[in-house]
Amino acid sequence: MDKQDHTRLWLAAAFLAGVLLTLGYKDVYPDLERRFRAARRRPSAAIDRQSSLASLRTLYTKVQLEDNTAHSGAPLPAPDIREGIEGCIGNTPLIRIKSLSEATGCEILAKAEFLNGAGNSPKDRVALSIITQAEAEGLLTPHSGDMVYEGTVGSTGISLAAICRARGYLAHICMPDDQAQEKSDLLEKLGAEVERLRPAPIVDANQFVNKARARAEEHTADRTRRGRGLFADQFETAANWQAHYTGTGPEIFAQTGGRLDAFVTGAGTGGTIAGVALFLKPRLPRLRVVLADPPGSGLTNRVKFGVMFDPKEREGTRRRHQVDTIVEGIGVNRVTANFEAGRELVDDAVRVSDEQAMAMARWLVEKDGIFAGSSTACNMVAITKVALQMGPGHRLVTLICDSGTRHLSKFWKHAGAVGNRDDITLDDVLNAGA
């Protein structure tokens, strides 16, 4: 067999093999194709399931974490941001004194004036009013070297020192040297100049208020010094009672819903009781306004009899020192323009002894956890007496003026430690020292 025959034979065999393979593959191919396509579908389905789960997770995460308020159309709350320390003055809460309310059957409420944010007392309102009014009248210019001078037993000076710092001034405070040491220490920490003077009657040039006035005049007259001196004049300036007429009074009216039977507070300059009375009395004609007065003050006689002293003495000329008392911040022996602004609206006055004030201060700590100063204790004794006179069911308001931390070295030194006594009664407090 030659080479050509071999070639033909191989081609015939290859053709035959191709026919046989084609016939065999034709029967096997559908099954292979089905398996191949099924194999291709399986990864695709797994991927689809994984994609679906991932989408659900993403959707759940968005629902849980995404902030959609900006897209909901609801307005965002207005920011509550105050302008400096001055923005923390006023709008103090009115709180119920639980122990006294339960003991008297009346609702005894107190304006928490110690929460004012500058000097932590109602004098913050007065100090801010004095300074802003002086600025409006061109008497003070920030960062010019102007200084504010005042004669005070402490709280007004502290408020002035703090607000002066906030508005670009310095304060010079004249105060009696028998006041609690921590007050002058605090003033110095606030950067105020402090001048402590021996107690003297108002007709004495060295009396602390008179000295402050003189210092302000000396500053203004001294051409070698920067700026001017402003005498704050808290006892006489109308900015004092106006601060309470526009602030404290309206707040009390709103917070009580206009239902109030009595307002009770002490008076130093007289601005608080005058300003609040001037606002409330026209709106609540039946309201009783009552003065809380410590030993040695002439204001009780002024309210009850129209005179400050014994008839044998001519008003404003007495040189004897005020009767000693450990209550600071309230009680004076002279007529002030601020007190006179609202005196005719003050219905009565209640005397409070030092012993009663100290007993009440301890009571407030033991029963209510309120650690207050001497003027607050005096207020609380007086409002309790008025509540008992009026009878159950009435609503009365007073002030918590400042913290007891300013009275540690004097008032609280005499008041002593709190005894944690459960058997003390309100009669024990009111009869203290009797």
Side-chain angles (χ1 to χ4, degrees), residues 93-114 252 256 259-267 273 287-297 299-300 303-304 325-331 346-404 407 411-434:
L94 191 65
I95 64 175
R96 181 174 180 267
I97 308 301
K98 295 182 290 184
S99 67
L100 297 180
S101 297
E102 293 166 3
T104 62
C106 291
E107 191 172 21
I108 307 295
L109 307 175
K111 201 93 163 76
E113 289 294 279
F114 67 97
I252 290 172
T256 59
R259 191 177 75 79
L260 180 61
D261 300 298
F263 175 68
V264 183
T265 190
I273 195 168
L287 177 74
R288 288 190 67 196
V289 177
V290 181
L291 171 74
D293 213 25
S297 173
L299 293 177
T300 293
V303 170
K304 289 180 174 290
T325 177
I326 60 172
V327 174
E328 297 179 345
I330 57 175
V346 180
D347 299 292
D348 200 1
V350 175
R351 282 284 193 196
V352 178
S353 70
D354 285 354
E355 291 77 16
Q356 289 172 329
M358 290 186 291
M360 178 58 77
R362 293 191 298 269
W363 166 283
L364 290 172
V365 174
E366 292 176 341
K367 304 296 185 181
D368 298 278
I370 297 172
F371 184 53
S374 58
S375 56
T376 298
C378 191
N379 284 348
M380 294 298 180
V381 173
I383 199 173
T384 301
K385 290 182 177 182
V386 175
L388 293 173
Q389 291 170 2
M390 297 182 73
H394 292 90
R395 176 183 281 177
L396 302 88
V397 169
T398 188
L399 306 181
I400 299 177
C401 302
D402 60 4
S403 168
H407 302 261
F411 177 75
W412 272 101
K413 182 179 179 180
H414 291 279
V418 173
N420 299 319
R421 290 177 53 191
D422 293 328
D423 60 337
I424 190 170
T425 67
L426 196 57
D427 284 340
D428 294 331
V429 173
L430 298 181
N431 294 321

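Just so it is clear, the structure is predicted and the values come from calculations on it, not from any experiment.
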**OP:** Kindly determine whether I330 and L299 satisfy side-chain contact (heavy atoms from CB on, under 4.5 Å), including the steps that lead there.
**Re:** CA-CA 10 Å; I330 57 175; L299 293 177; over 6 Å; no

Whether [X] side chain and [Y] backbone form a donor-acceptor pair below 3.5 Å:
| X | Y | result |
| --- | --- | --- |
| R259 | R395 | no |
| R288 | V386 | no |
| D354 | I326 | yes |
| N379 | G266 | yes |
| T376 | C401 | yes |
| W412 | A372 | yes |

Original post:
Are E102 and K367 ion-paired here, with the side-chain N under 4.0 Å from a carboxylate O?
Top reply: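 No, this pair does not count.
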
Original post:
Does a side-chain N-to-carboxylate-O contact under 4.0 Å join R351 and D293?
Top reply: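 Counted as a salt bridge, because a side-chain N and a carboxylate O are separated by less than 4.0 Å.
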
Original post:
So, D428 and T425: side-chain donor and acceptor under 3.5 Å apart, yes or no?
Top reply: yes

Original post:
Between OG1 of T398 and CG of L94, what distance do you get to the nearest 0.5 Å?
Top reply: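 One gets 10.5 Å once the value is rounded to the nearest 0.5 Å.
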
Original post:
Atom CG of N431 and atom CG of L426: how far apart are they, to the nearest 0.5 Å?
Top reply: 9.5 Å

Subject >> Qualifying residue for side-chain contact (heavy atoms from CB on, under 4.5 Å) with V352, from T325, T384, V381 >> reply: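 Between V352 and the candidates, side-chain contact (heavy atoms from CB on, under 4.5 Å) is satisfied uniquely by V381.
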
**OP:** Determine, stepwise, if the pair D348 / K304 fulfils side-chain contact (heavy atoms from CB on, under 4.5 Å).
**Re:** CA-CA 7 Å; D348 200 1; K304 289 180 174 290; 2.9 Å; yes

**OP:** Would you mind reporting whether I424 and R362 have side-chain heavy atoms less than 4.5 Å apart?
**Re:**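 A side-chain contact under 4.5 Å is absent here.
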
Original post:
Taking it one step at a time, do L287 and V289 satisfy side-chain contact (heavy atoms from CB on, under 4.5 Å)?
Top reply: CA-CA 6 Å; L287 177 74; V289 177; 4.0 Å; yes

